[in-house]
Amino acid sequence: MGHKSSKPDPEPPPPLPPPPDPVLIGESGLIKQEHLQPLCANLPFDCTQKWKQVFCSRKHGKSFTQFGRLSCNRGPTLVVIKDSHGHVFGGFADESWRSAAIRLQERVADDAAAARAQRNGQEYTALERPHNQARVFFGNERCFLFSLHPTVAMYPPSGYNGNFMYYDEQSDVKQYTGFGMGGQLEFFGWFVDDWLDHGH
């Protein structure tokens with residue numbers, strides 16, 4: 001008959017310290033000190049080091065063209081919005097914001113490369129799209145929505161669909177010209193129109 005070991009169970013390792021606050025380049029009137037830790041706790045680590053403001057409607061004007069020029073193709077971004085009721089909210093976009101025209105070019109090029117590889121008997125890994133993602137949406141599972149005021153809350157993807165980011169500068173349907181995140185057409189997590197003045 002064996003004897004039970006008298007050694008105590010090892011203690012679990014201490015929790016990892018929270019990441020340091022990011023270096024803010026440029027002032028933000030919407031992100032406060034108390035918002036940094038909850039945001040960083042949900043961001044990929046490589047997005048917690050340095051934040052630079054690329055667009056502010058007060059500074060750059062309410063211009064969707066200007067927003068696109070300064071914000072598109074810049075890599076991951078935090079979008080922070082304040083509405084007319086004083087609510088502050090937004091989302092983390094893990095991919096670059098890209099126009100509908102650019103995304104169409106990407107799909108056409110990807111389809112052509114796949115067809116060429118098939119003709120030549122070669123393997124080709126097509127661009128991956130999240131499960132159940134509508135064609136007008138893009139982004140990936142690292143995107144999330146958040147609220148900063150009056151309450152601080154983080155909203156990770158539900159898994160219901162892959163509709164993370166939306167950007168259309170010339171939609172055939174005027175009410176869909178703008179950008180947003182989450183949900184689906186007409187029922188976005190949030191959406192801002194091309195006047196940067198209205199949304200839902």
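These numbers were taken from a predicted model, which means no experiment stands behind them.
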Considering all heavy atoms, the nearest T177-F191 contact = O-CZ, 3.6 Å

Side chains of residues 28-35: which donor-acceptor pairs under 3.5 Å do they make with residues two or more places apart or in other chains?
unit_1: S28; atom_1: OG; unit_2: L30; atom_2: N; d: 3.2
unit_1: S28; atom_1: OG; unit_2: I31; atom_2: N; d: 3.1
unit_1: K32; atom_1: NZ; unit_2: G29; atom_2: O; d: 3.1
unit_1: Q33; atom_1: NE2; unit_2: D21; atom_2: OD2; d: 2.6
unit_1: H35; atom_1: ND1; unit_2: K32; atom_2: N; d: 2.9
unit_1: H35; atom_1: NE2; unit_2: L148; atom_2: O; d: 3.3

Could you tell me whether the side chain of N163 and the main chain of G183 form a donor-acceptor pair under 3.5 Å?
-> yes

Keeping the roles fixed (side chain from S57, backbone from G61), state whether a donor-acceptor pair exists under 3.5 Å.
-> no

CG (L104) and CD1 (I102) are apart, to the nearest 0.5 Å, by 9.5 Å

Ignoring hydrogens and geometry, is there a side-chain-to-backbone donor-acceptor pair from E95 to F138 under 3.5 Å?
-> no

Partner of F179 by ring-ring contact (aromatic ring centres under 6.0 Å, His included), out of W190, F137, F164, F188 | W190

Y167 with L145, same ILVMFWY side-chain cluster at under 4.5 Å = yes

For H198, which residues count as a side-chain contact (heavy atoms from CB on, under 4.5 Å) partner, sequence neighbours excluded?
-> D193

Return the minimal non-hydrogen interatomic distance between M165 and D94, and the atom names on each side.
-> SD-N, 4.4 Å

Answer yes or no: is there a donor N or O on one side and an acceptor on the other, between the side chain of Y166 and the main chain of Y176, under 3.5 Å?
-> yes

Hey, could you give me the CG/NZ distance between D194 and K62, rounded to the nearest 0.5 Å?
-> 13.0 Å

If only atom types and distance count, is the side chain of R103 paired as donor or acceptor with the main-chain N or O of V136 below 3.5 Å?
-> yes

Are V152 and F144 connected in a single hydrophobic cluster, I mean Ile/Leu/Val/Met/Phe/Trp/Tyr linked by side-chain heavy atoms less than 4.5 Å apart?
-> yes

Can you give me every donor-acceptor pair (side chain of residues 64-82, partner residue at least two apart or in another chain, under 3.5 Å) with its distance?
unit_1: Q66; atom_1: OE1; unit_2: R69; atom_2: NE; d: 3.1
unit_1: Q66; atom_1: OE1; unit_2: R69; atom_2: NH2; d: 3.2
unit_1: S71; atom_1: OG; unit_2: F67; atom_2: O; d: 3.0
unit_1: R74; atom_1: NH1; unit_2: L70; atom_2: O; d: 3.0
unit_1: T77; atom_1: OG1; unit_2: W97; atom_2: NE1; d: 3.0

Just jot down the ring-ring contact (aromatic ring centres under 6.0 Å, His included) partners of H60, sequence neighbours excluded, or say none.
-> F55

What are the two closest heavy atoms between A93 and C143, and how far apart are they?
-> CA-SG, 4.1 Å

Under 3.5 Å, sequence neighbours excluded: what are the donor-acceptor pairs made by side chains of residues 116-125?
unit_1: N120; atom_1: ND2; unit_2: R116; atom_2: O; d: 3.2
unit_1: Y124; atom_1: OH; unit_2: D110; atom_2: OD1; d: 2.6

Trace of the salt bridge (Lys or Arg N to Asp or Glu O under 4.0 Å) decision for E106 with R98 | CA-CA 10 Å; E106 292 172 349; R98 306 190 302 287; 3.0 Å; yes

Kindly state whether the ring of F146 and the ring of Y155 have centres lying under 6.0 angstrom apart.
-> no

Can you name the residues that form a side-chain hydrogen bond (donor to acceptor under 3.5 Å, both in side chains) with Q105, not counting sequence neighbours?
-> none

What one should report as the nearest heavy-atom pair of P150 and H87 is CD-CD2, 3.5 Å

Should F92 and L43 be marked as a side-chain contact (heavy atoms from CB on, under 4.5 Å) after you check the CA-CA gap, both sets of side-chain angles, and the distance that decides it?
-> CA-CA 8 Å; F92 168 66; L43 290 170; 3.3 Å; yes

Would a hydrophobic clustering, with Ile, Leu, Val, Met, Phe, Trp and Tyr connected at side-chain separations under 4.5 Å, put V88 with V192?
-> no

